[in-house]
There are 2 protein chains.
Amino acid sequence: MRKGEETRTRLLDVAEAAVLAKGFGATSIDELIAETGITKSGFFYHFRDKNELAKALLERYIENDERIYDEIFSRAHELSDDPLQAFLLGLKLLSELLADLPNGHPGCLVATMCTQERAFDREIQEINRQAALMWRRRFGGMFRDIMRHYRPREALDADQLADMVSTVIEGGIVISKALKEPKSLPDQLLVFRTFVRMLFQPIAQA
Amino acid sequence: MRKGEETRTRLLDVAEAAVLAKGFGATSIDELIAETGITKSGFFYHFRDKNELAKALLERYIENDERIYDEIFSRAHELSDDPLQAFLLGLKLLSELLADLPNGHPGCLVATMCTQERAFDREIQEINRQAALMWRRRFGGMFRDIMRHYRPREALDADQLADMVSTVIEGGIVISKALKEPKSLPDQLLVFRTFVRMLFQPIAQA
DNA sequence: CCGAAAACCGTACCGGCGGTACAGGAGCGG
DNA sequence: CCGCTCCTGTACCGCCGGTACGGTTTTCGG
């Protein structure tokens with residue numbers, strides 16, 4: 001039981017790296033089992049087919065992703081009681097965390113699986129959708145909280161602002177990879193942070 | 001000679017749709033030739049291998065992409081002499097164009113090829129990088145032009161703002177697909193537009 | 001209208017990959 | 001010692017990318 005989970009985890013680790021590097025279709029089971037050190041039969045013991053591997057990969061990725069956001073923004077809310085300051089601090093922490101990744105962000109599984117949507121079944125597409133909705137709920141809640149204390153300079157929807165966070169992160173990953181400039185992603189997050197700060201800044205009175 | 005180009009174009013059309021839907025690795029030559037109505041020999045007459053197909057796809061996509069931006073922003077500059085108003089108008093026009101796509105944005109080849117970077121050779125990665133740099137030059141020029149006339153409320157780098165345009169578009173495509181909400185992409189562009197407007201708004205004096 | 005180049009077609013073949021089937025074995029807790 | 005988990009080994013199938021190459025039709029300039 002214990003050993004099975006360990007092998008499964010190693011297999012998922014290898015698979016995640018390969019899929020993020022080459023895409024799902026270009027990742028072969030043979031190469032995964034070679035690097036993990038098991039046989040093909042061993043692979044099919046853990047996963048019925050490649051699609052189930054994709055599902056397990058995605059679920060694990062999202063879980064981990066949520067955990068990271070939980071940690072960062074709960075730390076930020078510990079450091080400041082003000083919802084705006086806490087959010088801005090959270091963005092800063094996230095940016096720093098991303099900047100500290102030695103080879104840049106490895107890539108987002110949610111993105112790779114929805115840019116190749118027809119390669120997967122509807123269940124995976126639904127998991128993907130739920131992930132994006134979770135991000136919306138998380139950040140949307142923060143923006144609504146901020147709006148109870150600060151009057152935005154322009155009327156913007158909290159959910160659209162929440163989607164903007166996801167947008168900047170996903171887009172930043174893409175542009176970062178295209179440019180081969182890992183710093184681009186954390187920089188974009190800071191630009192967005194400046195926009196948010198500006199949005200809720202009280203209008204100066206002479 | 002004429003007919004050859006026509007067949008090639010049809011092949012590229014079919015391939016582009018398939019790659020954007022399923023990813024490059026999951027797109028088989030067999031299915032492409034079946035839909036195009038040629039044989040395997042015909043395919044390899046036009047392209048030495050699958051990688052050359054990818055290169056041709058990417059180059060054509062980028063060319064078309066540039067053409068669209070040229071049209072939209074030259075139209076915007078015709079309608080307003082002011083660089084800020086022209087840029088904001090361009091974003092609006094782009095947003096409307098994206099909103100009018102019946103099934104949402106079909107996906108960006110630059111994004112799919114850099115989320116699957118290890119599946120392609122360095123030449124393609126370099127083409128991708130040049131595309132992102134062209135976007136940066138295009139929008140960076142516009143922001144520099146704007147900054148000659150307007151003082152930004154916050155000190156932000158023109159190139160980083162330029163990358164933000166690409167980021168929002170690429171990220172918007174991803175989030176739009178994940179959520180299965182085509183409207184999300186044009187909406188995000190408009191949110192970004194509001195941010196830009198706010199950034200260059202003269203500070204109100206009482 | 002002719003000839004040559006362009007634009008394919010047909011066929012045969014190779015190795016790799018996803019997937020199936022199934023038999024069996026090592027290790028380990030009860 | 002039984003039974004369960006966690007695999008290994010072997011054999012096989014059909015699809016796919018790619019090669020090779022001879023043949024055929026279409027097109028267009030001269």
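These values consider heavy atoms only, across backbone and side chains, with no hydrogens, waters or symmetry-generated copies.
- One can place CD of A:Glu6 at 14 Å from C1' of D:dT5, the figure rounded to the nearest angstrom.
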Review point. So B:Leu199 and A:Met198, side chain to side chain contact (heavy atoms under 4.5 Å, CB included) or not? Walk me through it.
Key: CA-CA 8 Å; B:Leu199 176 62; A:Met198 205 170 33; 3.9 Å; yes
Distance-only criterion, 3.5 Å: show the donor-acceptor pairs between side-chain atoms of residues 135-142 of chain B and protein atoms not counting sequence neighbours.
unit_1	atom_1	unit_2	atom_2	d
B:Trp135	NE1	B:Asp65	OD2	3.2
B:Arg136	NE	B:Asp163	OD1	3.1
B:Arg136	NE	B:Asp163	OD2	3.2
B:Arg136	NH2	A:Glu181	OE1	3.0
B:Arg136	NH2	B:Asp163	OD2	2.8
B:Arg138	NH1	B:Asp70	OD1	3.0
B:Arg138	NH2	B:Glu66	O	3.4
B:Arg138	NH2	B:Glu66	OE1	2.8
B:Arg138	NH2	B:Asp70	OD1	2.9

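- As rounded to whole Å, 12 Å separates atom C1' of C:dG16 from atom CD1 of A:Ile33.
- Atoms CD1 and NZ, on A:Ile175 and A:Lys177 in that order, are 13.0 Å from each other to the nearest 0.5 Å.
- Going from atom CZ of A:Phe24 over to atom P of C:dC17 covers 15 Å, rounded to whole Å.
- Rounded to an integer number of Å, the gap from CD1 of B:Ile38 to C1' of C:dG10 is 14 Å.
- Between B:Phe143 and B:Phe200, the ring planes are parallel. Angles under 30° get that label, and only those over 60° would be called perpendicular.
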Got a list of side-chain donor-acceptor pairs under 3.5 Å for residues 81-98 of chain B, not counting sequence neighbours?
unit_1	atom_1	unit_2	atom_2	d
B:Asp82	OD1	B:Tyr150	OH	2.8
B:Asp82	OD2	B:Leu84	N	3.1
B:Asp82	OD2	B:Gln85	N	2.9
B:Asp82	OD2	B:Tyr150	OH	3.0
B:Ser95	OG	B:Pro186	O	3.2

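- One atom, CD1 of B:Ile29, and another, C1' of D:dG18, lie 7 Å apart when rounded to the nearest Å.
- Phosphate contact (OP1/OP2 of C:dA7, side-chain N/O of B:Thr7, threshold under 4.0 Å): absent.
- Within residues 39-52 of chain B, the residues that place at least one heavy atom under 4.0 Å from DNA chain C are, in residue-number order, B:Thr39, B:Ser41, B:Gly42, B:Tyr45, B:His46.
- By the 4.5 Å heavy-atom criterion applied to side chains, B:Phe47 and B:Leu12 are counted as neighbours.
- When the C1' atom of C:dC17 is taken as reference, atom CG of A:Leu32 falls 12 Å away, rounded to whole Å.
- Remark: P of C:dA6 and CZ of B:Arg8 are 15 Å apart, rounded to the nearest angstrom.
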